[in-house]
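Just so you know, residue 1 is the first one in the sequence shown, and it goes up from there. In each ligand, atom 1 is the first atom listed, and ligand 1 is the first ligand listed. Keep in mind that the numbers below use all heavy atoms, side chains included, and drop hydrogens, waters and symmetry copies.
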Amino acid sequence: MPIPSIQSSRARRLFSQMTLTVLAGGMMALALAQSSYTVATGDTLFAIAKRFAVSIEALQAANTLAGNDIRVGQVLVIPSQSSPSNAPVGQTNAPVGQINVPTTTNLVTTIDKATSITVSHKARFIPGDAVSIRIGNSPNKPNATWNGEALVFGREGSTWVAVGWELLGEPPKPITVVVTVGNTSIQSQLSLVADPKPVQNVFMSQQVLSTLTDANRNREKNLLEAAHSKARSTAQQWQQPWQWPLVSSSISPFAQARRYQQGGTVNYHYGEDLRGKVGTAIRAANDGIVVIAGQYAIRGGLTAIDHGAAVVSLYFHQSRFVVKVGDKVKRGQIIGYVGATGFVNGPHLHWEMRVRGEATDPKQWVGKVWP
Ligand SMILES: [Zn+2]
């Protein structure tokens with residue numbers, strides 16, 4: 001799938017991860033921004049204070065801590081900085097070399113005391129990390145843009161949720177999210193940070209490589225684009241957490257950079273490859289409607305399920321199907337069986353979770369309603 005064009009911020013203004021600007025009725029004002037942070041293994045109060053450019057005393061006061069003791073899983077309130085919009089990113093974020101896991105820091109703010117609308121999302125993310133924008137207490141469906149392009153909202157209980165764009169292979173950059181509820185617009189900033197990973201060699205035989213013709217690519221691209229387009233107007237079909245389509249180990253993770261032949265171009269892996277023998281049952285990751293079930297040259301035996309709210313799950317390389325287009329399927333229902341069809345060098349299930357046609361990390365959906 002082509003990656004939708006992303007408008008990059010030419011201004012490249014440096015924002016603090018806690019900067020939040022409210023634009024209401026044409027007036028611009030700086031809202032009191034407060035964020036929270038969940039203590040991870042290895043964290044110290046000193047390191048957290050340094051990371052958010054706040055003093056230890058301010059952290060202790062905001063969290064009524066008597067000393068420096070914190071525990072893993074504890075949620076700390078990060079007090080506002082005195083001049084957040086002027087703080088360079090480099091001073092508020094951990095050094096790039098130390099970032100090897102997605103940050104779980106959230107922006108949480110109340111912008112309207114009467115309705116208590118909250119906006120929360122990760123402040124920083126690495127390529128391949130699913131980023132959900134959550135809007136709480138909004139009476140109406142919000143509108144939102146991600147660097148100028150419209151997001152599609154679904155529901156998690158009473159919270160509106162949209163997933164941002166995947167940015168595999170792109171350099172670090174700031175992302176601007178603008179959420180509009182009624183007459184109020186809330187602008188916030190998050191940043192894509194570098195996470196260089198080695199390129200994996202997954203060399204394919206000439207026979208397998210020969211399936212990558214323009215005709216095959218275009219046929220499958222058009223088929224998938226139609227499915228993704230349809231899913232935008234389908235109502236959200238699921239309410240329960242997502243589950244693995246088959247319980248197994250991963251043999252190639254989402255977002256892995258790969259080369260399919262010596263000296264070839266780098267491709268990104270848009271799914272999770274799960275180990276499985278030919279004939280192993282594949283189950284629907286959640287409730288939805290089957291929109292594709294057929295054999296294709298590259299994706300092999302392919303099933304696609306439209307879950308609504310612009311979300312489609314895809315299951316490649318199957319040997320056999322047990323569902324057909326138009327079938328309503330339930331979470332956990334068998335939809336087909338593992339095979340080694342299409343662009344593969346052995347049997348496995350390639351599982352994708354796409355939002356608006358954009359790939360997201362399937363692992364980050366498992367056990368959750370939204371990632
Ligand atoms: Zn794969």
With a cut-off of under 6.0 Å to the ring centre and 45° to the axis, is Arg354 in cation-pi contact with Tyr270? yes
Restricting to N, O or S atoms of His350, which is nearest to the Zn ion (ligand 1)? ND1
Asp273, N/O/S atom nearest the Zn ion (ligand 1): OD1
[X] near the Zn ion (ligand 1): N/O/S under 2.8 Å:
{"X": "Glu272", "value": "no"}
{"X": "His348", "value": "no"}
{"X": "His317", "value": "no"}

Restricting to side-chain contact (heavy atoms from CB on, under 4.5 Å), what partner residues turn up for Pro371, sequence neighbours left out? Ala130, Ser132, Val163, Gln364, Trp365
Treating Trp370 as the side-chain partner and Arg155 as the backbone partner, does any N or O pair qualify as donor plus acceptor under 3.5 Å? yes
So, His121 versus Trp146, ring centres under 6.0 angstrom or not? no
For the rings on Phe343 and Tyr260, is their centre-to-centre separation under 6.0 Å? yes
